[in-house]
2 protein chains.
Amino acid sequence: MNRAPGNPPGQEPRWLTAEEQHVWRSYIQASTLLEDHLDRQLQRDAGMPHVYYGLLVKLGESPRRRLRMTELARYAKITRSRLSHAVARLEKNGWVRREDCPSDKRGQFAVLTDEGYEVLARTAPGHVDAVRQAVFDRLTPEQQKSLGEIMRIVAEGLEPGGTGADLPWLR
Amino acid sequence: MNRAPGNPPGQEPRWLTAEEQHVWRSYIQASTLLEDHLDRQLQRDAGMPHVYYGLLVKLGESPRRRLRMTELARYAKITRSRLSHAVARLEKNGWVRREDCPSDKRGQFAVLTDEGYEVLARTAPGHVDAVRQAVFDRLTPEQQKSLGEIMRIVAEGLEPGGTGADLPWLR
DNA sequence: GACAGCTCCTTGAACGTTAAACAAAACCGG
DNA sequence: CCGGTTTTGTTTAACGTTCAAGGAGCTGTC
């Protein structure tokens, strides 16, 4: 509730144009609907929200099906705190197990269990289908490519570690 | 945890190609980072999450600064339950007020208060700035246009009321 | 080798979201 | 106008997320 940053008092903000507003609205609506849709789909078929599913996928792709907590959090773009809670829940389900890191006594590995792997194997096809139906089946190859480029740019701009500005001398 | 739908047992699912996977990953990462970023920005500057802010915006744009609960929920793409909770909170802040609907005794209007309007006026420039910096300043006009089209298509496909498939005879 | 500062991860409390169940009013068909 | 159905909005409890704080181990410096 402080002053909005980036707008020195007395300066007219650069509002979005009508076109930009439409784009932004479409983005918000689509991303909201899509995330909701996938959350419901996975909650129903796999018993977990989309983010949790993504964690299992990431673990499944990793060597020895394990990843340090911080690394997993970084991949999934979530906070370590959130990951801690999430892994606690997945552990209760028997889908993930924690293991101590031998080389760093602070460290923990999250390890995908066999049971976790099976949930993944059983539910992945349905999830891929959902993604296909909601996104890829509706877009031309050009649009798919374009979407990838656009989202990569946006992600890079927000990556922790990036400054958020193309102005290195400001940091 | 039931069988995944859309994949009759014994049929090989249509996995995503490598390109599709990259696109999807970029999308997930960007949308996660972006929503987090905006949530934090608004939590800090306006004392509410992004969704709540969107509700105030929508009310502010509406005639007499009011909207029926169901209509507001529909615009914001959230459930009525979620809206009930949200409005309860915004009401506590004094930013929204409820009013009975004269023509339908079940109905409620959510009304943006003067105080709510002021929060909006004070914080909108900062929010627009954040959106610009994260998205529009990084994309070419062609990419912006493309993003709009793509997201419109995805949103339409998920719109409650749409079947989610181009196969009307399946419903 | 000790101190300072940093990284890793967890915790608890406050907050937001979801799902299911519900009451009240409106609607609709006979 | 009666009875069933739908619509509207809320409620409760379980669950997920965030934020701030903190404990424990690592690391670099003098």
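Each chain gets a letter, A, B and so on, in the order its sequence line appears, and its residues count up from 1.
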What protein N or O atoms touch nucleotides 4-6 of chain C N or O atoms at under 3.5 angstrom, if any, and at what distances?
none

Restricting to salt bridge (charged side-chain N to carboxylate O under 4.0 Å, His left out), what partner residues turn up for [X], sequence neighbours left out?
X: B:R74; result: none
X: B:D100; result: none
X: B:R98; result: B:E91

Filter on salt bridge (Lys or Arg N to Asp or Glu O under 4.0 Å), then keep only pairs touching residues 26-35 of chain A, sequence neighbours left out; what's left? none

Note: for A:S81 and B:R89 on DNA chain C, the residue whose nearest nucleotide lies more 5' is A:S81

Any carboxylate oxygen within less than 4.0 angstrom of a Lys/Arg side-chain nitrogen, looking at B:R65 and B:D114? yes

Do NZ/NE/NH1/NH2 and the carboxylate oxygens of A:E61 and A:K58 come within less than 4.0 Å? yes

Just to verify, what does [X] make a side-chain hydrogen bond (donor to acceptor under 3.5 Å, both in side chains) with, not counting sequence neighbours?
X: A:R106; answer: A:D104
X: B:Q29; answer: none
X: A:R68; answer: none
X: A:T113; answer: none

Touch check for A:D39, heavy atoms < 4.0 angstrom, all strands: base, sugar-phosphate only, or nothing? nothing

Among residues 52-70 of chain A, which residues get a heavy atom nearer than 4.0 Å to DNA chain C? A:R68, A:M69, A:T70

Axis deviation across the helix from C:dG1-D:dC30 to C:dG30-D:dC1, five-pair ends, to the nearest 10°: 30°

Checking B:D39 side chain against B:P49 main chain: does a donor-acceptor pair fall under 3.5 Å? no

Which residue lies more 5' along DNA chain D, comparing A:P102 with B:Q108 via nearest heavy atoms: B:Q108

Nucleotide range of DNA chain D lying under 4.0 Å from chain B heavy atoms: D:dT7 to D:dC19

